[in-house]
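Every heavy atom of this structure was used, including side-chain atoms; hydrogens, water molecules and symmetry mates were not. Lettering follows sequence order; numbering is per chain, from 1.
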2 protein chains.
Amino acid sequence: MKTRRTRSQDSVLEILQKLSRAISAQDLYAELRKRDVRIGLATVYRALDALKLEGRVQVRTLPHGESLYSLSHEDRHHLTCLRCGDSVAIDECPVHELETHLNQSHQFRIFYHTLEFFGLCEQCQAEEVVP
Amino acid sequence: MKTRRTRSQDSVLEILQKLSRAISAQDLYAELRKRDVRIGLATVYRALDALKLEGRVQVRTLPHGESLYSLSHEDRHHLTCLRCGDSVAIDECPVHELETHLNQSHQFRIFYHTLEFFGLCEQCQAEEVVP
DNA sequence: GTATCTGCAAAAGATTTGCAGCAAG
DNA sequence: CTTGCTGCAAATCTTTTGCAGATAC
């Protein structure tokens, strides 16, 4: 099964470029419909899968089971509170050197990585003591 | 709502300690039933949630939507192929220093982090050229 | 023409929730 | 007692699949 460049993939890419942030498949679907693109939800998933395999789109799956899609290297890393779910983006990333190393030592072609921190935010730490 | 130390949490912890690897909630449930522990799947999820909030258990969610649970700091990082799903564990981790730094700069109490790499394994790179 | 893509509806799977009964403090 | 835990079944939500028709090459 060869994979074709399709109109739906282009639509999906266009939205991701315009938004320039991570978004769920469902929201992406809503966004497309809002702009009068006639497309099915299943097709959004299929387009995202294809783009993922090409390394053009990256995915981060939340503990809740929902996945967020974004252009490769456009998503940031996060610090997420396990209690309230609040999430803060992080700028630092000490991983690139390791990524290069792994590319060679494992014969893998790495497209991207995810790095997420989990714990309790300041407020939830306080609530834990006096519930 | 105060949280109580429960028998089900103990059962869950015991299995995690015995197995000493990441496991899904469903498999954990099966494992418990196999050992004649009378417990419901929902209770397994509730126990895991509670332990997660205490920082004793960590979670890594797969792209597929399933979550794997393990004792904190017992899970490793991985290199996962986007095509075939094969996964290789990684030993290196350049993140601890950053974690300490974030603990201070963000007033977060960090329990653990996840770091996952995605791309194509050697075999799938080959198949991509000659499908 | 033939292989691939699409939309829709149905199916699958993981996790969560409602609720009545049980158990701990 | 009163509050929190448990099991079961039902509900929820995201993602996947089946299929007939449309489309690209």
Walk along nucleotides 12-19 of chain C from 5' to 3' and tag each nucleotide B, S or - by protein heavy-atom contact under 4.0 Å, base first, then sugar-phosphate. --SBBBB-

Could you state the CG-C1' distance from A:Leu48 to C:dC5, rounded to the nearest angstrom? 15 Å

Expressed in angstrom and rounded to an integer, what is the separation of A:Ile39 atom CD1 from C:dC5 atom P? 13 Å

Taking every heavy atom of A:Tyr29 against every heavy atom of A:Leu41, the minimum-distance pair comes out as CE1-N, 3.4 Å

Separation of C:dT6 P from A:Asp10 CG (nearest whole Å): 10 Å

Tell me the closest heavy-atom pair linking A:Leu68 and A:Ala22, and the distance in Å. CB-CB, 3.9 Å

Judged by modelled atom types alone, do A:Glu74 and A:Ser20 share a side-chain donor-acceptor pair under 3.5 Å? yes

Between D:dT6, D:dC8, C:dT6, which nucleotide gets closest to the side-chain atoms of B:Thr6? D:dT6

Rounded to the Å, how far apart are A:Gln9 CD and D:dA24 C1'? 14 Å

Tested for side-chain contact (heavy atoms from CB on, under 4.5 Å) against B:Cys93, the lone hit among B:Arg76, B:Glu99, B:His77 is B:His77

Rounded to whole Å, please give me the gap between CZ in B:Arg7 and P in D:dT6. 8 Å

Using the salt bridge (charged side-chain N to carboxylate O under 4.0 Å, His left out) criterion, which residues pair with B:Arg38? Sequence neighbours excluded. none

Please report whether the ring centroid of B:Phe118 lies less than 6.0 Å from that of A:Phe111. no

Using whole Å, what does the distance between atom C1' of nucleotide C:dC5 and atom CG of A:Leu51 come to? 14 Å

Here the distance between atom P of C:dC5 and atom CG of A:Leu53, to the nearest Å, is 12 Å

